[in-house]
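Start at 1 and go down the list; that is how both ligands and their atoms are numbered. Counting begins at 1 with the first residue of the sequence.
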Amino acid sequence: MIKYLFMLVISSVVCEDAIRPNFLIILTDDQDSTLGGMNPMKNVQRFIGDKGVTFKNAYVTSPICCPSRASFLTGLYVHNHLTVNNSLSGGCYSRIWKNIESRTFATTLSDAGYKTFYAGKYLNEYGVKAAGGPEQIPPGWSEWHGLVGNSVYYNYTISNNGVPTHSTDLYLTDIIRDLSISYIENQTGSEPFLMVLAPPAPHQPFTPAPRHKGVFANVTAHRAPNFNIAVKDRHWLLSMPPSPLPDNMLSELDRVYRSRWEALLSVDELVSDVIEALDTNSLLEHTYVIYTSDNGYHMGQYSQMYDKRQPYESDIKVPLIIKGPGIEENTTSDLPVINIDLAPTIISLAGLQPSRIMDGRPIELIGNKTKTERTMLVEYYGEAKDGTVDPDCPWSYDKDNLAQCYPEYACKCQDARNNTFGCLRHIAKRINMKYCLFADNQSFTEMYDLFTDPYELTNIAQQVLPSVRHWYKLTLARMLACRGSDHCDHPLETPRIVF
Ligand SMILES: *[C@@H]1O[C@H](CO)[C@@H](O)[C@H](O)[C@H]1NC(C)=O
Ligand SMILES: *[C@@H]1O[C@H](CO)[C@@H](O)[C@H](O)[C@H]1NC(C)=O
Ligand SMILES: *[C@@H]1O[C@H](CO)[C@@H](O)[C@H](O)[C@H]1NC(C)=O
Ligand SMILES: *[C@@H]1O[C@H](CO)[C@@H](O)[C@H](O)[C@H]1NC(C)=O
Ligand SMILES: *[C@@H]1O[C@H](CO)[C@@H](O)[C@H](O)[C@H]1NC(C)=O
Ligand SMILES: *[C@@H]1O[C@H](CO)[C@@H](O)[C@H](O)[C@H]1NC(C)=O
Ligand SMILES: *[C@@H]1O[C@H](CO)[C@@H](O)[C@H](O)[C@H]1NC(C)=O
Ligand SMILES: *[C@@H]1O[C@H](CO)[C@@H](O)[C@H](O)[C@H]1NC(C)=O
């Protein structure tokens with residue numbers, strides 16, 4: 001009898017193994033979805049979009065790399081993983097993070113017998129000396145090729161399974177592609193695998209591969225109705241002069257825009273080459289492919305130069321496309337989703353349970369959709385950085401509270417301590433609202449009705465009924481303290497929106 005039971009257990013494990021899916025996740029750096037950031041991705045469209053579901057309402061917990069990536073890995077909101085900015089002092093690959101790092105989707109899958117592979121940018125401070133150096137291999141990864149530090153295209157160090165390897169002249173996106181293909185060719189299909197590919201594009205300095213330079217020479221920055229408009233009724237940082245930007249800044253925006261597209265072409269090639277390798281090795285059929293970005297980007301919106309760190313759709317909305325077994329081909333979805341949903345989604349598709357509580361929840365990929373209403377939280381903690389406030393800028397006296405102010409960009413700062421905000425992105429059948437409260441000394445509030453005002457041109461915070469504003473304020477406070485998907489999903493009952 002005991003022997004019989006034992007055999008049953010073994011056979012059920014073997015059987016599970018046979019159907020456990022693989023995962024291929026491509027995580028780009030700063031790729032927008034609202035300004036045409038996906039336009040150059042013809043292979044992504046062909047091999048993932050046409051074969052799967054494209055999410056039209058995909059958001060991130062924070063419009064900046066390290067906090068957003070920490071959310072992606074853990075399924076936790078920023079106030080729960082405590083990586084608040086890109087510095088070690090702000091939790092990025094800090095000691096606090098290392099306690100949380102053992103509860104990512106990678107550790108859950110790895111503990112259940114998955115082989116795991118990571119190549120490219122991880123958390124911005126990974127591998128730097130002060131954060132423990134490149135000999136560390138984050139838990140959960142059996143094949144590790146993490147980039148030391150922040151995204152670059154040349155002259156970088158990769159930790160190859162704990163062995164730092166420097167390269168000056170090999171284009172990083174191509175190296176990630178080559179490692180990925182080699183890894184796929186090594187798979188026998190006997191164990192399921194998880195791969196995360198995190199190329200640097202289209203992050204600053206926006207360097208295309210030589211073969212792609214000039215391909216988009218005639219492309220100019222997307223000029224939507226919110227491009228370079230004079231700002232009124234917005235938080236302090238956005239109100240800084242000049243507004244609108246002088247004409248000579250616009251050609252710089254055009255340069256950045258086309259360089260980003262060109263840098264993305266190597267990612268588009270990577271996607272096609274890696275998917276082809278999966279197909280050639282008969283692994284594609286059982287593989288979920290997820291394509292997304294850590295945050296969006298703005299280029300000229302509301303008279304800003306280029307960056308992220310703002311609460312507008314350009315910065316917080318991201319591409320998200322998923323294909324795989326059982327997912328209907330060539331479809332779009334309006335479901336409100338946020339990057340903390342990816343960890344629980346992957347774990348659930350693998351037939352597993354998260355080892356600890358997560359704030360996100362599995363995305364409904366198959367069958368009828370019920371979770372069409374949601375209030376999602378975006379958190380951002382404004383930075384100040386001495387050394388990035390040029391002494392030639394008139395406000396350099398306040399350099400302890402500002403960041404990235406340069407004369408070549410008309411001294412318009414990109415960040416300030418009080419550019420700290422919590423936002424709610426509330427989507428339901430007849431609701432498409434954004435509410436943001438700034439931690440500055442005016443408690444500045446911005447609200448946009450995305451149904452009637454998709455470009456966020458009119459701040460309606462002072463036009464809505466005080467009771468509506470109050471509901472959002474209260475909900476935001478609750479969301480900022482929420483823990484676990486049940487709690488984070490049901491902050492408060494929905495108000496009736498009356499204007
Ligand atoms: C490469 O990076 C090193 C520091 O890691 C720096 O000293 C060197 O100047 C860089 N070389 C180039 C060509 O950028
Ligand atoms: C694939 O296997 C070869 C031979 O064992 C090994 O040299 C190579 O490093 C492996 N590739 C990856 C990415 O693991
Ligand atoms: C850009 O436009 C000019 C003039 O219309 C044309 O001559 C040139 O071939 C175009 N370049 C590219 C790369 O399309
Ligand atoms: C995908 O759907 C769109 C519209 O629903 C259609 O125009 C397009 O041809 C479809 N693409 C494929 C590859 O089936
Ligand atoms: C899905 O929705 C349709 C139409 O509302 C309904 O007929 C069907 O039973 C639903 N299927 C499931 C599995 O709930
Ligand atoms: C990052 O966050 C930490 C902790 O709040 C703070 O001390 C530090 O100044 C922040 N970094 C920047 C560049 O603002
Ligand atoms: C925001 O911070 C800047 C820089 O310290 C300061 O000049 C400004 O008065 C602050 N504004 C608000 C609304 O707190
Ligand atoms: C807002 O804060 C700034 C410094 O950050 C200070 O200069 C200003 O006086 C404050 N304004 C009010 C109304 O407290």
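Of the polar atoms of Ala384, at least one N or O is found under 3.5 Å from an N or O of ligand 6, judged by distance alone. The shortest N/O to N/O separation between Arg417 and ligand 6 falls below 3.5 Å. The distance criterion of under 3.5 Å between nitrogen or oxygen atoms is not met by Glu383 with respect to ligand 6.
The atoms of ligand 6 that sit less than 4.0 Å from any heavy atom of Gly90 are 1 (C), 2 (O), 3 (C). Set against the non-hydrogen atoms of Ser87, the atoms of ligand 6 under 4.0 Å away are 11 (N), 13 (C). Ligand 6 places these atoms under 4.0 Å from at least one heavy atom of Asn85: 1 (C), 2 (O), 3 (C), 8 (C), 10 (C), 11 (N), 12 (C). Ligand 5 places these atoms under 4.0 Å from at least one heavy atom of Asn368: 1 (C), 2 (O), 3 (C), 8 (C), 10 (C), 11 (N), 12 (C), 14 (O).
Side-chain contact between Lys317 and Asn57: present, with at least one pair of heavy atoms (C-beta onward) separated by less than 4.5 Å.
Note on residues 324-343: pairs passing salt bridge (Lys or Arg N to Asp or Glu O under 4.0 Å), not counting sequence neighbours, are Asp341-Arg374.
Screening Tyr381, Phe421, Tyr380, Trp236 for a ring pair (Phe, Tyr, Trp, His ring centres under 6.0 Å) involving Phe438 leaves a single residue, Phe421. A side-chain contact (heavy atoms from CB on, under 4.5 Å) with His426 holds for exactly one of Leu450, Asn432, Thr375; it is Thr375.
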Salt bridge (Lys or Arg N to Asp or Glu O under 4.0 Å) evaluation trace for Glu101 with Lys98: CA-CA 5 Å; Glu101 201 177 30; Lys98 287 177 196 169; over 6 Å; no
Less than 3.5 Å apart, which donor and acceptor atoms pair up between the side chains of residues 196-209 and the rest of the protein, not counting sequence neighbours?
none

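Classification of the Trp261-Tyr257 ring pair by plane angle, with boundaries at 30° and 60°, yields tilted. A perpendicular orientation is assigned to the rings of Phe72 and Phe105, their planes being inclined by more than 60° (bins at 30° and 60°).
Here Asp32 pairs with Arg260 in a salt bridge; the nearest charged N to carboxylate O distance falls below 4.0 Å.
With sequence neighbours excluded, the residues satisfying side chain to side chain contact (heavy atoms under 4.5 Å, CB included) with Arg234 are Val231, Leu238, Tyr302, Tyr312, Glu446, Tyr448.
Here Val84 has side-chain heavy atoms under 4.0 Å from ligand 6, and that is the only part of it that gets that close.
Within 4.0 Å of ligand 1, protein heavy atoms belong to Asn155, listed by chain and number.
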